[in-house]
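Following: one structure in structure tokens, then a few remarks.
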2 protein chains.
Amino acid sequence: MLTQTITRNSSQAVRVTRSVPANIVSLGSSIAMMGAVMPFARNVEIYGENETADYLYKVVSGVVRTYKLLSDGRRQIGSFYLPGDIFGLEFGGEHTSSAEAVADSKIHVIKRSAVVALAGRDKEIARQLWRMTATELQGAQDHIMLLVKTAKERVVGFLLEMAERNLGASEFDLPMSRQDIADYLGLTIETVSRTVKQLVNSGAIAVPTSRHIVLRSRGALNRMNA
Amino acid sequence: MLTQTITRNSSQAVRVTRSVPANIVSLGSSIAMMGAVMPFARNVEIYGENETADYLYKVVSGVVRTYKLLSDGRRQIGSFYLPGDIFGLEFGGEHTSSAEAVADSKIHVIKRSAVVALAGRDKEIARQLWRMTATELQGAQDHIMLLVKTAKERVVGFLLEMAERNLGASEFDLPMSRQDIADYLGLTIETVSRTVKQLVNSGAIAVPTSRHIVLRSRGALNRMNA
DNA sequence: CGACCATTTGATATGGATCAAGCGATGTGG
DNA sequence: CCACATCGCTTGATCCATATCAAATGGTCG
């Protein structure tokens with residue numbers, strides 16, 4: 001089912017932690033000054049499930065997917081992370097999913113211990129760590145709702161979600177493959193492909209190239225979204 | 001599909017907050033001394049989706065389900081909460097699901113503001129709030145993995161989860177109906193019923209009464225769990 | 001006892017998976 | 001720079017797991 005390079009990228013982030021003023025309020029901005037930016041090529045693993053979570057990550061450019069495998073090889077993608085998104089934050093010491101670059105990406109890598117230490121001193125940072133986990137939870141709950149819907153509803157839900165992530169644009173590129181979409185939605189690529197075609201035929205969307213989506217009728221899409 | 005009493009329980013928790021020593025370490029125990037225990041009858045709503053999250057809750061006895069409804073009435077149960085479990089904690093101000101008593105239950109109700117205030121003073125409490133959210137996240141991720149499996153795998157997964165929650169006992173009562181199980185697993189009650197029957201026929205479990213489960217072969221069950 | 005609700009069982013329908021092939025774009029080696 | 005191999009996506013034919021529709025059974029409570 002999957003054909004992916006499992007080449008392990010073994011280079012490590014160079015530690016560039018600087019002394020950080022105590023009144024930092026935004027985790028995102030404090031992250032910007034801690035750690036280093038690393039490039040990851042398409043399909044390269046960023047971390048593996050059950051590995052020690054020594055770092056957290058912020059997408060600078062590109063896209064990342066997190067996923068879990070079932071024993072028989074079925075893959076379930078948990079989330080896609082776009083530029084600006086932070087991922088890999090765990091409460092416990094281990095990653096609960098694997099992470100890979102969907103496309104060539106630049107990722108800010110920050111030592112977890114540095115952030116946790118910062119949170120110990122700065123209540124606001126601690127609060128933001130909590131909020132990030134809460135946001136992830138919200139996303140997982142939305143994902144659950146997606147997975148109990150029909151194929152058409154799942155695809156529509158996915159496209160609307162991607163549109164939102166693109167600031168509500170009604171035209172955008174999909175950075176991930178049909179297989180990625182299928183594994184995110186719990187469908188097969190054939191079903192994704194056929195469902196997209198249906199949406200095109202109904203005039204709700206246009207797909208000038210397979211990776212480019214144009215939302216033609218939000219109304220129709222929202223109605224199909226249950 | 002659903003037949004449930006939507007009687008709103010309008011009584012409010014009496015505030016019984018006492019002054020709490022600053023060195024409290026366990027959120028669970030601090031909760032035990034804040035707020036009041038309230039009874040909720042079977043199928044009575046504890047809170048509704050989008051309501052202001054003024055309280056959080058700890059199950060003293062009985063069982064609670066949280067759920068969301070799709071516009072057409074399909075219900076997805078997010079979690080079941082058993083005695084000792086805390087639920088209803090939100091990072092933001094609103095509940096993201098509704099909550100109902102599955103059976104007659106006693107619930108400890110705590111003012112959220114009291115806990116948040118406590119967390120502002122006590123770093124350890126703040127950390128526990130974060131951990132609770134992380135635990136919820138973990139549960140939601142496990143739920144996602146359940147929802148992409150076959151019907152048999154879902155039912156087996158559910159039974160193993162319930163066994164774990166009963167301290168690993170290989171014999172336990174199900175406090176919830178087949179409809180609740182179906183709505184948790186994203187299946188119909190007929191499929192749940194038939195799948196359970198299959199497991200009985202294969203000798204993996206016994207079901208002396210519909211609400212009582214005996215795990216006969218963990219090995220077989222684990223093998224079926226993918 | 002009788003009514004009601006939960007669960008099971010049976011018959012049939014169907015959405016999405018599977019199996020198989022074709023097509024178009026992309027990149028690579030000669 | 002072309003030719004061919006490869007990869008990602010689509011399309012078609014068929015199958016099957018689960019839903020749906022319908023009815024019977026069982027359990028519980030007034």
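A note on names: the letters A, B, ... follow the listed sequences, proteins ahead of strands, and every chain is numbered from 1. Because only heavy atoms are used, hydrogens play no part in the values below, and waters and symmetry mates are left out as well, while side chains stay in. Worth saying up front: this structure is predicted, and the values here are computed from it rather than measured.
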(message) Whether A:Thr188 contacts C:dG16 is assessed here as follows: a side-chain N or O lying under 4.0 Å from the phosphate OP1 or OP2. Is that the case?
(response)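 Answer is no, no contact under 4.0 Å.
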(request) May I ask you to verify if any side-chain N or O of B:Thr191 is less than 4.0 angstrom from the OP1 or OP2 atom of D:dT18? (result)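 It does not, given that no N or O in the side chain of B:Thr191 lies less than 4.0 Å from OP1 or OP2 of D:dT18.
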Starting from [atom2] on [N], measure out to [atom1] on [X] and report it in whole angstrom.
| X | N | atom1 | atom2 | answer |
| --- | --- | --- | --- | --- |
| A:Arg74 | C:dA17 | CZ | P | 12 Å |
| A:Leu174 | D:dG8 | CG | C1' | 14 Å |
| B:Gln198 | D:dA17 | CD | C1' | 11 Å |
| B:Leu185 | D:dT18 | CG | C1' | 13 Å |
| A:Glu153 | C:dG16 | CD | C1' | 14 Å |

(request) Looking at every strand, decide which applies to A:Thr150 at a 4.0 Å heavy-atom threshold: base, sugar-phosphate, or nothing. (result)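 If one applies the 4.0 Å heavy-atom cut-off, A:Thr150 turns out to touch the sugar-phosphate alone, with no base involved.
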Side-chain donor-acceptor pair under 3.5 Å between [X] and [Y], yes or no?
| X | Y | answer |
| --- | --- | --- |
| B:Asn43 | B:Arg65 | yes |
| A:Ser193 | A:Glu190 | no |
| A:Tyr67 | A:Glu100 | yes |

(request) Only pairs at least two apart or in different chains count here, so list each side chain to side chain donor-acceptor pair (under 3.5 Å) that has a residue in residues 203-216 of chain B. (result)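 Qualifying pairs, neighbours excluded: B:Glu171-B:His212, B:Asp173-B:His212.
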Would you tabulate the nitrogen or oxygen pairs shorter than 3.5 Å linking the protein to nucleotides 7-11 of chain C?
unit_1	atom_1	unit_2	atom_2	d
C:dT7	OP1	B:Arg211	NE	3.0
C:dT7	OP2	B:Arg178	N	2.9
C:dT8	OP1	B:Arg178	NH2	3.3
C:dT8	OP2	B:Arg178	NE	3.0
C:dT8	OP2	B:Ser193	OG	2.8
C:dT8	O5'	B:Ser193	OG	3.1
C:dG10	N7	B:Arg194	NH1	2.8
C:dG10	O6	B:Arg194	NH2	3.1
C:dA11	N6	B:Arg194	NH2	3.4

(request) Determine whether the aromatic ring centres of B:Tyr57 and B:Tyr47 lie less than 6.0 Å apart. (result)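 When the ring centroids of B:Tyr57 and B:Tyr47 are compared, they turn out to be within the sub-6.0 Å range.
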(message) Within this structure, what is the CD1-CZ distance for the pair A:Ile181 and A:Phe158, rounded to the nearest 0.5 Å?
(response)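 Result: 4.0 Å between the selected atoms.
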